[in-house]
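The next block holds one structure in the form of structure tokens; read it before the comments.
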Amino acid sequence: MSGKSSAQLAESASVSALNCIDLSSPDIQSSVSLLKQACLDTGFFYVINHGIGIEFMDEVFLQSKRFFDLPMEEKMKLLRNEKHRGYTPVFDEHLDPVNQIHGDYKEGYYIGIELSEDDPDAQKPFYGPNLWPRADILPAWRETMEKYHQKALEVAKTVSRLIAQALDLKFDFFDQSEMLGKPIAVLRLLHYADEVSEPAKGIFGAGAHSDFGLITLLATDDVVGLQICRDKDANPQIWEYVPPLKGAFIVNLGDMLERWSNCTFRSTLHRVVCTGRERYSIAYFVEPNHDCIVECLPTCQSQKNPPMFPPIKCQDYLQMRYKDTHNDLNSYRVSK
């Protein structure tokens with residue numbers, strides 16, 4: 001594909017300097033202050049010393065690559081289902097239909113919280129069994145992903161406690177059973193091909209969007225690609241690269257936190273602009289329980305600042321957003 005070189009793309013956008021939160025720091029108030037500043041400024045920050053070792057992170061990336069290296073025929077046997085578990089082919093997701101000429105130039109794999117079919121909660125839209133590659137094709141793959149899923153949720157809960165304090169709430173506010181006590185937490189492996197994005201022509205690795213839930217933890221390889229836009233209403237929009245940081249999570253706020261905080265904290269627009277190098281990342285989307293009612297927090301409203309959004313049930317909001325951004329599964333059945 002013709003277009004700008006990797007160097008030209010890197011020169012065409014500035015680089016964002018994000019706050020870095022050390023989860024091993026004993027100075028909680030300093031961490032809360034740094035996080036609050038980041039949430040008011042960009043809605044993005046790094047998290048380091050989070051307890052997941054670099055060696056294990058490398059293993060998760062290796063296992064992710066092994067899956068995406070499989071023949072397309074094998075991957076399509078695990079095509080995502082109605083519960084949003086499994087494989088998503090290139091162009092399956094269309095995050096910015098206004099500016100994209102087709103879907104995202106990425107393939108992915110969704111892994112949710114594992115529940116057996118006979119669990120009463122398995123009837124809920126985002127709960128149920130996962131789809132797993134056969135163990136004889138990818139040995140230890142399931143075990144690696146389940147371990148990572150569990151560890152990432154613990155990191156997310158730690159971050160949520162800092163966010164709660166930054167919003168003048170009890171530190172364990174988000175630990176409640178209807179929130180992160182029994183969350184919808186989704187691990188998504190992502191692979192971007194060695195294409196060059198052409199924003200002027202509507203070609204992106206991932207179109208501009210904001211995430212749906214509470215927070216997202218993103219682990220990336222060393223290939224640049226993620227861009228953020230601090231002011232989505234600016235004309236023209238100004239985009240900044242977020243540099244990869246080995247062993248760190250890039251954390252960003254989602255739409256539900258924006259609603260909870262009455263826009264005190266913003267869910268920032270971001271996209272992926274590919275530079276001609278293959279790129280892998282691992283996103284961990286943290287959302288509250290299906291039945292959680294997301295409504296303006298008492299600490300984020302006043303007579304002069306009334307709630308901007310009506311209350312909404314978490315599962316209703318998520319179903320609407322997934323439907324708006326993903327291909328209809330029937331389109332794959334027709335094309336077989």
Cut-off 3.5 Å, no hydrogens considered: what does the side-chain donor-acceptor table look like for residues 215-222, sequence neighbours left out?
residue, atom, partner, partner atom, Å
T216, OG1, D211, OD2, 2.7
D221, OD1, V223, N, 3.0
D221, OD2, Y280, N, 2.8

TODO: Enter the distance from R271:CZ to S210:OG here, rounded to the nearest 0.5 Å.
DONE: 14.5 Å
- [ ] Taking only Lys NZ, Arg NE, NH1 and NH2, and the carboxylate oxygens of Asp or Glu, determine whether K157 and D175 approach each other closer than 4.0 Å.
- [x] no
Task: Salt-bridge criterion met for K77 and E74 (N-O under 4.0 Å) - done: yes
Open item on the list: For K124, is there any backbone N or O sitting under 3.5 Å from a side-chain donor or acceptor partner on K83?
Closed with: yes
Task: S281 side chain vs L190 backbone, donor-acceptor pair below 3.5 Å - done: no
Task: Test item: L79 and P89 side chains (from C-beta on) under 4.5 Å apart, heavy atoms - done: yes
Task: Stepwise side chain to side chain contact (heavy atoms under 4.5 Å, CB included) test for T158 and H50 - done: CA-CA 9 Å; T158 303; H50 42 67; over 6 Å; no
Under 3.5 Å, sequence neighbours excluded: what are the donor-acceptor pairs made by side chains of residues 125-140?
residue, atom, partner, partner atom, Å
Y127, OH, K182, O, 2.9
Y127, OH, P183, O, 2.7
N130, OD1, R85, NH1, 2.9
N130, OD1, G112, N, 2.7
N130, ND2, G112, O, 2.9
N130, ND2, E114, OE1, 2.8
W132, NE1, E114, OE1, 3.3
R134, NE, D136, OD1, 3.1
R134, NH2, D136, OD2, 2.6

Task: Validation row: I203, E195 side chains within 4.5 angstrom (heavy atoms) - done: no
TODO: Spell out, as yes or no, whether a donor-acceptor pair under 3.5 Å connects the side chain of S197 to the backbone of G205.
DONE: yes
- [ ] Please tell me if the side chains of F174 and V159 come closer than 4.5 Å, counting only heavy atoms from C-beta onward.
- [x] no
Open item on the list: Between H270 and N252, is there a side-chain heavy-atom distance shorter than 4.5 Å?
Closed with: yes
Open item on the list: Once you measure the plane-to-plane angle for Y109 and F67, does it fall in the parallel (<30°), tilted (30-60°) or perpendicular (>60°) bin?
Closed with: perpendicular
TODO: Answer whether the closest heavy-atom distance between the side chains of Y241 and T275 falls below 4.5 Å.
DONE: yes
Task: Test item: L189 and F61 side chains (from C-beta on) under 4.5 Å apart, heavy atoms - done: no
Open item on the list: Quick one: does any side-chain atom of H191 pair with a main-chain N or O of D69 as donor and acceptor, under 3.5 Å?
Closed with: no
Task: CA sep, side-chain torsions, deciding dist, call: R279, L226, side chain to side chain contact (heavy atoms under 4.5 Å, CB included) - done: CA-CA 10 Å; R279 180 175 180 269; L226 176 65; 4.0 Å; yes
Open item on the list: Tell me whether the rings of F173 and W260 are parallel (<30°), tilted (30 to 60°) or perpendicular (>60°).
Closed with: perpendicular
Task: Steps toward side chain to side chain contact (heavy atoms under 4.5 Å, CB included) verdict (K36, F265) - done: CA-CA 8 Å; K36 185 170 185 175; F265 292 170; 4.2 Å; yes
Open item on the list: Please tell me whether D27 and S25 have a donor and an acceptor in their side chains that are separated by less than 3.5 angstrom.
Closed with: no
TODO: Would you give the length of the straight line joining atom CZ of R230 to atom OG1 of T268, rounded to the nearest 0.5 angstrom?
DONE: 9.0 Å
Task: Pairing of D291 and K313 as salt bridge, 4.0 angstrom limit - done: yes
Task: Flag, side chain of T299 to backbone of L169, donor-acceptor distance under 3.5 Å - done: no
Task: Main-chain N/O of C314 paired with H290 side-chain donor or acceptor, under 3.5 Å - done: no
Open item on the list: Once rounded to the nearest 0.5 Å, what's the spacing between atom CG of L18 and atom CG of D41?
Closed with: 8.5 Å
Open item on the list: Would you compute the distance between atom OG of S30 and atom CG of L35 and round it to the nearest 0.5 angstrom?
Closed with: 11.0 Å
Task: Under 3.5 Å donor-acceptor, E278 side chain and D194 backbone - done: no
Task: Backbone of V60 reached by a side-chain donor or acceptor of S64 within 3.5 Å - done: no
TODO: Mind checking the CD-CG spacing from E93 to N327? Nearest 0.5 Å is all I need.
DONE: 9.5 Å
Open item on the list: When you compare the side chains of Y332 and D92, does any donor N or O come within less than 3.5 Å of an acceptor on the partner?
Closed with: yes
Open item on the list: Among residues at least two apart in sequence or on other chains, which ones pass side chain to side chain contact (heavy atoms under 4.5 Å, CB included) with C300?
Closed with: L167, S261, N262, T264, C296, L297
TODO: Could you label the plane-to-plane angle of the Y110 and H84 rings as parallel, tilted or perpendicular, counting under 30° as parallel and over 60° as perpendicular?
DONE: perpendicular
Open item on the list: Less than 4.0 angstrom from a charged side-chain N to a carboxylate O is my criterion; do R321 and E287 meet it?
Closed with: no
Open item on the list: Tell me the closest heavy-atom pair linking L34 and N19, and the distance in Å.
Closed with: O-ND2, 3.0 Å
Task: With Y284, the side-chain contact (heavy atoms from CB on, under 4.5 Å) member among V251, V186, L187 - done: L187
Task: Exam field: side chain Q301 to backbone P307, donor-acceptor pair closer than 3.5 Å - done: no
Open item on the list: With a 6.0 Å cut-off on the ring centroids, do Y322 and F212 count as close?
Closed with: yes
Task: Shortest non-hydrogen contact from V294 toward M256 - done: CG1-O, 3.6 Å
Open item on the list: Determine whether a donor-acceptor pair (N or O, by modelled atom type, separation under 3.5 Å) exists between the side chain of H326 and the backbone of H94.
Closed with: no
TODO: Check the pair V242 / T42 against side chain to side chain contact (heavy atoms under 4.5 Å, CB included), numbers first and verdict last.
DONE: CA-CA 11 Å; V242 175; T42 61; over 6 Å; no
Task: E59 side, atom CD; M57 side, atom CE - distance, nearest 0.5 Å - done: 13.0 Å
- [ ] Say whether E154 and Q150, considering side chains only, have a donor N or O and an acceptor N or O under 3.5 Å apart.
- [x] no
TODO: Can you spot which of Y192, F91, F204 makes a ring-ring contact (aromatic ring centres under 6.0 Å, His included) with Y105?
DONE: F91
